[in-house]
Q: 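Please read through the structure below; I'll follow up with questions.
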Amino acid sequence: MSRRPIAISDSKNFYVSAERVFDTSLKNVPVIVLSNNDGCAVARSDEAKALGIKMGDPLHLIRDKVEAHGIRVFSSNYTLYADLSRRVVDTYADFTPSVDIYSIDESFLDFHGFKNREAHARAMRAAVLRRVGIPVRVGIASSKTLAKCANEIAKKNPIFDGVLDMMDEELARWLLPKVPVGDIWGIGRQTERKLRAIGIGTAAELRDMPLRQARKLGTVVLERTVLELQGEPCLSLEEVEPQRKGMAVTRSASAPMMDFDTLFQAITAHATRAAEKLRQHSLVAGTLTVIFHTNKHRPDRPQWSSARSTKLTPMSSDTFDLVEAARRCARAGWPKDEKPYGFSKAGVLLDDLLPLEDRPRTLFDAMRPKSAELMCALDMVNDRFGKKTMVLASEGMERSWALRADHRSPRYTTRISELPVIR
Amino acid sequence: MPLHPIDQPVIAEGQPMRFVRMTVSAGFPSPAADDLEDEIDPIAWVVRRPASTFWWRVEGDCLWDVGIRDGDLIAVDRDGKRRLGRAVLAVIDGEVTAKILRRRNDRYYLAPANSAEDFPDVELTPDSEIWGVLAGVVRRYELE
């Protein structure tokens, strides 16, 4: 059986590493990055982990530790992270013919055909660190699940110095009995419990599980994981981007939205973003849904939850069409009684997506020949002068619903007004 | 020749036709059409490695000796070769500072990039961190 090597490269504490590229005073000090709306810790430096900060710890519960140890706290700066992520991926592209981006900080890479894979991975790792300033770790194996395993082992054992090539079956035989079954990609807490109940506690034991039993215990997904652990790739390197079927833009509000205008400002912003995303991918949507609801964790307050859909005819990616459709949905879903509802979340969902060129033509297409030009101009303005330079007036100017991001670092790489300064 | 705008959509074979709005001269084809080239892009000329090049804003006279002035934007390539005489950004005591790479008596130093300032040279050690190498500078002047 010819086994094709797949590598996974992931960035260590990516958001923290990204903050450290420009703010050099963050080296060797505890740093955490907060989730959207400054809720909980979603990235921690090694120093912060050593202080006992856990993934998902809410900021208000760790304030004492933050103050006592001088932990540096940041809001997420996705603009910066996305730009650095793109640069990391650009660097990968110099080391492999095929990059499959799995998330903002993880990519699968085709490592087929390189003689000394470990040296190649080390050269790539050094290049990413030198060029972008982001430390990455690389796991190599003949399936994605095994590569993830190798990556996990490299992460936990400093002796591997960030690179582990597990194509060597001898090495895999020695290492897999040491990997807890819960650490394997795709094994959730429930499956882990079921597996442990029948005496399967390590990656090696799962690898040796009979396929039929695996399928019975955890459906075809678990069977596939077992095959992957045996080194047989079932999740191929996706070289073609799968076609999107739906798209969603939803956000929590910083403060409860009490009146229709405030809610509709948020919904306008979400519909505008959704339309931009459609146009980026040259798609049109046929159905639009607006959702909004109150805070479910406050049962003492009046509760309301609404989801309303409408057809987009003709199918469209025009901001005006989407905002108008969203307005109809929001109106339809707005409570008819006068209770003081405070809406904590709103979103716009798009379905029935089609490539622009495949959309069905309707009689009314010709009515607005300028729509495409207008949208093109809108995108160009916002591209050149920064996001939200030109918006629909119904989005409002105050953005009182917008997320809290009190500790966000500058958008160093995408705004001329926020460039890092050398004195 | 007068041009008349078209008010009604034009339908051909059941499909609405889009018109590109531009004036066309109906004489000979332009003899220059074969020689069209892209507009020059000096920024791309400065930024030779987009993945590793980052822009910084200069405040004050920290890079005076290499002709860089207050308010200039500089492109810094993290992957640029560290060569003698080159201007670099170095991390010293957790802070990024502009320096020039120098050599004296077989030892390497980070010297100030502004000789008017009275900063001592810092010896370059294996632990010294160089953030990047100066790749270029962009300056603009008031127009109003």
Side-chain angles (χ1 to χ4, degrees), chain A residues 18 20-29 72 80 83-95 99 123-124 126-134 314 357 359-373 376 410-423, chain B residues 6-21 49-63 68 70-82 87-99 113-114 117 129-134 137-138 140:
Chain A
R20 280 177 166 163
V21 169
F22 289 97
D23 189 341
T24 44
S25 72
L26 299 177
K27 199 179 176 182
N28 300 330
V29 302
R72 305 280 301 272
L80 175 67
D83 182 67
L84 293 183
S85 171
R86 179 184 57 79
R87 291 165 184 262
V88 170
V89 170
D90 278 359
T91 307
Y92 292 154
D94 284 350
F95 289 85
V99 181
M124 180 176 82
V128 174
L129 187 62
R130 207 171 53 235
R131 294 186 202 173
V132 197
I134 298 286
E357 64 271 17
R359 75 187 190 283
R361 309 296 170 113
T362 73
L363 189 59
F364 303 104
D365 279 8
M367 303 268 285
R368 290 188 326 186
K370 285 198 190 131
S371 156
E373 290 162 43
C376 183
R411 285 156 289 194
Y412 297 108
T413 58
T414 49
R415 297 264 176 134
I416 214 155
S417 56
E418 297 183 20
L419 287 179
V421 171
I422 182 85
R423 291 188 176 88
Chain B
I6 301 166
D7 298 326
Q8 295 296 318
V10 175
I11 310 287
E13 291 174 5
Q15 297 286 325
M17 301 295 289
R18 283 273 168 78
F19 289 94
V20 181
R21 202 172 331 188
R49 284 182 286 219
S52 56
T53 305
F54 296 86
W55 289 92
W56 289 67
R57 180 187 303 280
V58 176
E59 268 183 30
D61 301 334
C62 59
L63 279 157
I68 287 168
D70 182 45
D72 287 355
L73 303 187
I74 56 170
V76 179
D77 190 343
R78 291 184 53 96
D79 200 19
K81 297 274 173 301
R82 284 91 167 122
V88 298
L89 299 192
V91 184
I92 295 172
D93 298 331
E95 232 179 285
V96 183
T97 50
K99 297 284 177 192
N114 178 353
E117 280 175 6
E129 195 188 331
I130 306 281
W131 199 93
V133 178
L134 183 67
V137 54
V138 172
R140 69 175 195 184

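What you see is a predicted model; the values in this text were computed from it and never measured. Just so it is clear: chains get the letters A, B, ... in the order the sequence lines come, proteins before strands, and each one is counted from 1.
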Q: Classify the angle between the aromatic ring planes of Phe22(A) and Trp131(B) as parallel (below 30°), tilted (30 to 60°) or perpendicular (above 60°).
A: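 Plane angle between 30° and 60°, so tilted.
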
Q: Is chain B contacted by the side chain of Ile416(A), its backbone, both, or neither, given a heavy-atom distance below 4.5 Å?
A: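 Answer is both: backbone and side chain atoms of Ile416(A) are under 4.5 Å from chain B.
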
Q: Which atoms form the tightest heavy-atom contact between Phe54(B) and Thr413(A), and what is the distance?
A: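 In terms of heavy atoms, the two residues are closest at CD2-CG2, 3.7 Å.
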
Q: For Val96(B), is it the side chain, the backbone, both, or neither that has a heavy atom closer than 4.5 Å to a heavy atom of chain A?
A: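 It is both, since atoms from each part get that close.
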
Q: If I measure from the heavy atoms of chain A, does Ile130(B) come under 4.5 Å with its side chain, its backbone, both, or neither?
A: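 The answer is neither part of Ile130(B).
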
Q: Does a side-chain heavy-atom distance below 4.5 Å link Arg78(B) with Val21(A)?
A: yes

Q: Would you compute the distance between atom CZ of Arg131(A) and atom CG of Asp79(B) and round it to the nearest 0.5 angstrom?
A: 5.5 Å

Q: Report yes if some heavy atom in the side chain of Val76(B) is under 4.5 Å from a heavy atom in the side chain of Ile422(A); otherwise report no.
A: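 Contact flag for Val76(B)/Ile422(A) side chains = no.
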
Q: Surrounding CD of Glu95(B) (heavy atoms of other residues, nucleotides or ligands, distance under 6.0 Å), is the total greater than 12?
A: no

Q: Do the side chain of Arg87(A) and the main chain of Pro50(B) share a donor and acceptor less than 3.5 angstrom apart?
A: yes

Q: What are the two closest non-hydrogen atoms of Arg57(B) and Ser417(A), and how far apart are they?
A: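 Closest approach of Arg57(B) to Ser417(A): NH2-CA, 4.1 Å.
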
Q: Heavy-atom cut-off 4.5 Å, strictly under: side chain, backbone, both or neither for Leu129(A) against chain B?
A: backbone

